[in-house]
Each structure stands twice: as structure tokens, then as C-alpha cells.
Amino acid sequence: MTVNAIFDAMPYAKHLGIEMEEAEDGFARGRLELAEEHSSVPGKIVAHGGVVHSFADHVAGAAVISLNFTPTPTIDIRIDHLAPATADLVAEAEVVRNGGDIATVDCDVTDVTGTRVATARGVFKTAGGDGGSAWTDSPEEFDLD
């Protein structure tokens with residue numbers, strides 16, 4: 001199973017409408033078509049900050065998994081909202097450090113017109129105990145090969 005396929009199958013990502021375009025070699029790119037249910041403003045499309053945050057977290061996590069091939073839960077993610085998100089979104093994430101237990105990722109979110117909507121830095125857990133992953137006790141429970 002590919003990284004893209006795993007992320008495309010996540011129930012929360014499906015709920016939000018996140019589409020992974022690429023996830024390999026520590027880089028990931030995703031798209032999110034904004035709709036009324038993403039909005040925090042009645043009668044117009046202005047994405048709720050939580051939607052932008054979830055989108056950045058999702059794409060950043062895919063970048064880490066593309067290097068480690070194991071679940072990598074978020075430890076911390078810091079996001080700066082720079083402009084209202086009023087058009088479909090694109091997020092690009094790149095792993096800036098992939099350590100033995102923790103990875104750090106930078107992620108930029110822009111809209112399709114090129115406006116920079118947010119920037120984020122995430123920290124992800126990359127290792128678990130006893131040969132398992134950070135999510136499971138058994139590596140077989142999450143197979144990316």
C-alpha cells in the first residue's frame with residue numbers, strides 16, 4: 001500500500017475532502033476543494049482555521065511517513081494563519097529533520113490563486129517501542145510495503 005493510498009483512506013481526510021497528490025522522499029503535496037461545510041462565515045466560503053490546521057497536519061504527516069514507512073502521530077504543530085482561505089487550497093510539506101524518534105516538517109498552505117494562507121511547523125513521533133510503531137504494538141498492523 002502506498003503512502004497516498006493510506007492517507008486517502010483515512011476517514012477524517014475523506015470527511016474534509018483532502019486529496020493527496022504526492023508523498024515521497026520526505027515531500028508531500030495535497031489539495032482541498034473548499035465547500036460550504038468548511039466555512040466559518042455564514043453565506044460565504046471562508047475556511048475555518050481548524051480546517052486549514054487539519055489540512056497542514058495531514059500533509060505534513062504524509063511527508064514524514066514517506067520517509068519512515070510507519071505511523072507518525074503528531075506531537076506538536078504550530079500554525080500561523082496569514083490570510084483568509086477563500087479559494088481551494090494546496091499544501092506542500094517537507095521534512096527538515098528526520099531523527100531516530102522525532103521528525104520536524106515545514107508546511108506551506110496556499111490557495112489556488114497563489115495567496116499564502118498559512119505556514120506550519122510540525123513535530124512527529126517516528127518510533128515506537130518493542131519493534132512496533134508509535135500507533136501499534138505490531139508492525140504488521142500498518143503495512144506500507
Side-chain angles (χ1 to χ4, degrees), residues 1-35 37-40 45-145:
M1 186 174 279
T2 67
V3 176
N4 289 27
I6 292 217
F7 275 81
D8 287 343
M10 287 184 178
Y12 187 62
K14 282 182 175 183
H15 175 72
L16 287 179
I18 297 171
E19 295 178 31
M20 290 302 301
E21 293 185 332
E22 180 181 351
E24 59 187 8
D25 300 324
F27 174 82
R29 179 184 308 109
R31 288 192 167 272
L32 177 60
E33 186 177 320
L34 290 184
E37 62 267 17
H38 297 121
S39 189
S40 62
I45 304 280
V46 180
H48 186 281
V51 170
V52 176
H53 185 101
S54 291
F55 183 43
D57 183 40
H58 184 80
V59 175
V64 178
I65 288 179
S66 77
L67 285 177
N68 295 288
F69 303 102
T70 187
T72 57
T74 308
I75 294 171
D76 184 46
I77 190 164
R78 181 193 187 289
I79 191 163
D80 291 318
H81 296 272
L82 306 172
T86 58
D88 294 350
L89 300 175
V90 175
E92 292 188 346
E94 187 166 0
V95 176
V96 294
R97 184 176 189 285
N98 189 38
D101 291 327
I102 294 173
T104 304
V105 182
D106 285 341
C107 182
D108 285 317
V109 180
T110 60
D111 68 20
V112 292
T113 71
T115 300
R116 198 169 184 199
V117 171
T119 185
R121 172 159 279 191
V123 178
F124 296 82
K125 180 77 173 151
T126 59
D130 301 326
S133 76
W135 284 349
T136 66
D137 292 331
S138 170
E140 294 81 30
E141 291 182 51
F142 193 87
D143 185 16
L144 286 174
D145 295 328

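Just so you know, these numbers use all the heavy atoms, side chains as well, and skip hydrogens, waters and symmetry mates.
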Which pair of heavy atoms, one from [X] and one from [Y], lies closest together, and at what distance?
X     : Y     : answer
Ile65 : Pro71 : CD1-CA, 4.2 Å
Phe55 : Val90 : CE2-C, 3.8 Å
Ile79 : Ala56 : CD1-CB, 4.2 Å
Ala62 : Val3  : O-CG1, 3.8 Å
Ala60 : Ala93 : CA-CB, 3.6 Å
Ile18 : His58 : CG2-CD2, 3.3 Å

Exercise for the section: Can you measure from CG (Leu16) to CG (Leu89) and round to the nearest 0.5 angstrom? Expected result: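 The distance works out to 11.0 Å.
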
Problem - From Arg97 atom CZ to Ile102 atom CD1, the distance as rounded to the nearest 0.5 Å - result: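 So the gap between those two atoms works out to 8.5 Å.
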
Kindly write out the residues that satisfy side chain to side chain donor-acceptor pair (under 3.5 Å) with [X], not counting sequence neighbours, or none if the list is empty.
X      : answer
Asp106 : Arg121
Asp76  : none
Asp108 : Arg116, Thr119
Ser54  : Tyr12

Does the [X] side chain pair with the main chain of [Y], one donor and one acceptor, at a distance under 3.5 Å?
X      : Y      : value
Ser66  : Ala23  : no
Thr126 : Thr72  : no
Ser39  : Val46  : yes
Asp111 : Thr113 : yes

Handout entry: Flag if over 12 foreign heavy atoms under 6.0 Å of CD, Glu22
Key =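 More than 12 heavy atoms, drawn from other residues, nucleotides or ligands, come within 6.0 Å of this atom.
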
Practice task
Only pairs at least two apart or in different chains count here, so list each side-chain hydrogen bond (donor to acceptor under 3.5 Å, both in side chains) that has a residue in residues 79-91.
Solution key: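 Every side-chain hydrogen bond (donor to acceptor under 3.5 Å, both in side chains) pair that includes a residue of residues 79-91, provided the two are not neighbours, is Arg78-Asp80.
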
State which residues pass side chain to side chain contact (heavy atoms under 4.5 Å, CB included) with [X]; sequence neighbours excluded, sorted by chain then number.
X     : value
Ile77 : His53, Asp57, Thr74, Ala120
Ala47 : Leu34, Val52, Ala85
Glu21 : Arg29, Arg31
Ala83 : Thr115

Problem - Close side-chain approach of Leu32 to Glu19, heavy-atom, < 4.5 Å - result: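 Side chain of Leu32 against side chain of Glu19, heavy atoms only: no contact under 4.5 Å found.
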
Handout entry: Val105 side chain near Phe124 side chain, heavy-atom distance below 4.5 Å
Key =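 Heavy-atom side-chain distance check passes, below 4.5 Å.
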
